[in-house]
Protein chains: 2
Amino acid sequence: MVDVFRALDDETRRIVLDELSVRDGQTLFEICSMLAIRHGLSLTRQAISQHLGVLESAGLVVTERRGRSKFHYFNPEPLSGITGRWPSRKRTEK
Amino acid sequence: MVDVFRALDDETRRIVLDELSVRDGQTLFEICSMLAIRHGLSLTRQAISQHLGVLESAGLVVTERRGRSKFHYFNPEPLSGITGRWPSRKRTEK
DNA sequence: TTGATATGCAAGCAGTTACTTGCCTATAGT
DNA sequence: ACTATAGGCAAGTAACTGCTTGCATATCAA
């Protein structure tokens, strides 16, 4: 089980979340193409697969397997634990 | 300049933010005592000083030096960049 | 079945991180 | 001036992280 904070401590993983938040439900190969073409990241498929594993372990990505493809979906719910830990006191609070 | 995500990827640093959000403006030695007594963390002063340096470099802590003491204040503003990057789509959005 | 596609597992390597140890600077009190 | 207090700098080390390479598994199409 990976911590949400650690999962977010990597620009590649953050970009993956960016991409999934734009187009959800992509496969590993689609994500590889996205990162290579649109972000100039020349990583191997395995490297990206490991990143997806970290994101999934942190609950930020949920997957669904159909046939030989695995679809990845962005789950923003764990992000609430971050700002929820240090609730920024509103100035309207007397 | 340290990334906010990296600064948060450490439980000790997160606890420091917890402590400062409860009692702001503590010195290095006060923070050391807090971590040791209330959290059972037996770290050296230098280790905690380095953590404070990371937090300050990320903008999460601002400091003010008076005499031989340095006071540390929690600045939650950089946290807005985290949830701001992946705005959780509200369900009221059609 | 044969071959191509989509993904998984695991070992190894280089760079980074957290922590310690040792020494140094600066301020305050006597 | 001397001592204690509060903090800073830097090198070294053990553990971890991101990435690659190589091989294996599973699904689909012919």
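Any value given below was found using the heavy atoms of this structure, including those in side chains, with hydrogens, waters and symmetry copies removed. Each chain gets a letter, A, B and so on, in the order the sequences are listed, and its residues count up from 1.
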Residues forming a side chain to side chain donor-acceptor pair (under 3.5 Å) with B:His51, sequence neighbours excluded:
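With sequence neighbours excluded, B:His51 shows a side chain to side chain donor-acceptor pair (under 3.5 Å) to B:Arg13, given in chain and number order.
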
Could I get the full list of side chain to side chain donor-acceptor pair (under 3.5 Å) partners for B:Arg14, not counting sequence neighbours?
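Counting only residues at least two positions away or on another chain, B:Arg14 forms a side chain to side chain donor-acceptor pair (under 3.5 Å) with B:Glu11.
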
Whole angstrom is fine here: how far is it from [atom1] in [X] over to [atom2] in [N]?
X	N	atom1	atom2	answer
A:Glu11	D:dC19	CD	C1'	17 Å
B:Leu55	C:dA18	CG	P	10 Å
B:Arg14	C:dA18	CZ	P	11 Å
B:Asp3	D:dG18	CG	P	13 Å
B:Leu52	D:dG7	CG	P	10 Å
A:Glu30	C:dT7	CD	C1'	14 Å
A:Phe71	C:dA6	CZ	C1'	10 Å
A:Ile48	C:dA6	CD1	P	15 Å

Given C:dA6, D:dA6, C:dG8, the nucleotide with the shortest approach to the side chain of B:Phe29
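Minimum distance to the B:Phe29 side chain belongs to D:dA6.
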
Validation row: A:Trp86, B:Asp18 side chains within 4.5 angstrom (heavy atoms):
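Yes, their side chains come closer than 4.5 Å.
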
List every contact pair, protein side and nucleotides 21-25 of chain C side both N or O, where the distance is under 3.5 Å.
| from | atom 1 | to | atom 2 | distance (Å) |
| --- | --- | --- | --- | --- |
| C:dG22 | O6 | B:Gln46 | NE2 | 3.2 |

Are A:Leu20 and A:Met34 connected, step by step, through hydrophobic side chains (Ile, Leu, Val, Met, Phe, Trp, Tyr) whose heavy atoms are closer than 4.5 Å?
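No: no chain of side-chain contacts under 4.5 Å links A:Leu20 to A:Met34.
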
Cluster overlap B:Leu28 with B:Phe71, hydrophobic side-chain contacts below 4.5 Å
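Hydrophobic grouping puts B:Leu28 apart from B:Phe71.
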
With a non-hydrogen cut-off below 4.0 angstrom, is B:Ser42 in contact with a base, only sugar-phosphate, or nothing?
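Touches sugar-phosphate only.
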
Could you check whether any side-chain N or O of B:Ser21 sits under 3.5 Å from a backbone N or O of B:Leu17, counting only pairs where one atom can act as donor and the other as acceptor?
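Flag set: sc B:Ser21 to bb B:Leu17 pair under 3.5 Å.
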
Scan residues 21-33 of chain B for pairs that pass salt bridge (charged side-chain N to carboxylate O under 4.0 Å, His left out), counting only residues two or more places apart or in two chains.
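Of all non-adjacent pairs touching residues 21-33 of chain B, none passes salt bridge (charged side-chain N to carboxylate O under 4.0 Å, His left out).
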
Quick one: list whatever passes side-chain contact (heavy atoms from CB on, under 4.5 Å) with B:Glu77, sequence neighbours left out.
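With neighbours one apart ignored, the set is B:Asn75, B:Ser80.
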
Side chains of residues 58-69 of chain A: which donor-acceptor partners sit under 3.5 Å, not counting sequence neighbours?
| from | atom 1 | to | atom 2 | distance (Å) |
| --- | --- | --- | --- | --- |
| A:Thr63 | OG1 | A:Glu56 | OE2 | 2.8 |
| A:Glu64 | OE1 | A:Arg66 | NH1 | 3.3 |
| A:Glu64 | OE1 | A:Tyr73 | OH | 3.3 |
| A:Glu64 | OE2 | A:Arg66 | NH1 | 3.0 |

List, by chain and number, the other hydrophobic cluster members for A:Val2, where Ile, Leu, Val, Met, Phe, Trp and Tyr join if side-chain heavy atoms come within less than 4.5 Å, directly or indirectly.
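Grouped by the 4.5 Å side-chain rule, A:Val54 form the rest of the cluster around A:Val2.
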
List, by chain and then residue number, the residues other than A:Met1 in its hydrophobic cluster (Ile/Leu/Val/Met/Phe/Trp/Tyr, side-chain heavy atoms under 4.5 Å); write none if there are no others.
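Same cluster as A:Met1: nobody, lone residue.
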
I want to check one thing: is the phosphate of C:dT27, taken as OP1 and OP2, less than 4.0 Å away from some side-chain N or O of B:Lys70?
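So the side chain of B:Lys70 is outside the cut-off, no N or O lying under 4.0 Å from OP1 or OP2 of C:dT27.
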
At under 4.0 Å, does any side-chain N or O of B:Thr27 touch on OP1 or OP2 of D:dA6?
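Negative; the distance criterion is not met.
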
List every contact pair, protein side and nucleotides 13-17 of chain D side both N or O, where the distance is under 3.5 Å.
| from | atom 1 | to | atom 2 | distance (Å) |
| --- | --- | --- | --- | --- |
| D:dT17 | OP1 | A:Arg6 | NE | 3.4 |
| D:dT17 | OP1 | A:Arg6 | NH1 | 2.3 |

Pairs of donor and acceptor atoms involving the side chains of residues 35-43 of chain B, under 3.5 Å and at least two apart or interchain, shall be tabulated with distances.
| from | atom 1 | to | atom 2 | distance (Å) |
| --- | --- | --- | --- | --- |
| B:His39 | NE2 | B:Glu19 | OE2 | 2.6 |

Could you list, one pair per line, each protein nitrogen or oxygen that sits under 3.5 Å from a nitrogen or oxygen of nucleotides 25-30 of chain D, together with the distance?
| from | atom 1 | to | atom 2 | distance (Å) |
| --- | --- | --- | --- | --- |
| D:dT27 | O2 | A:Arg68 | NH1 | 3.2 |

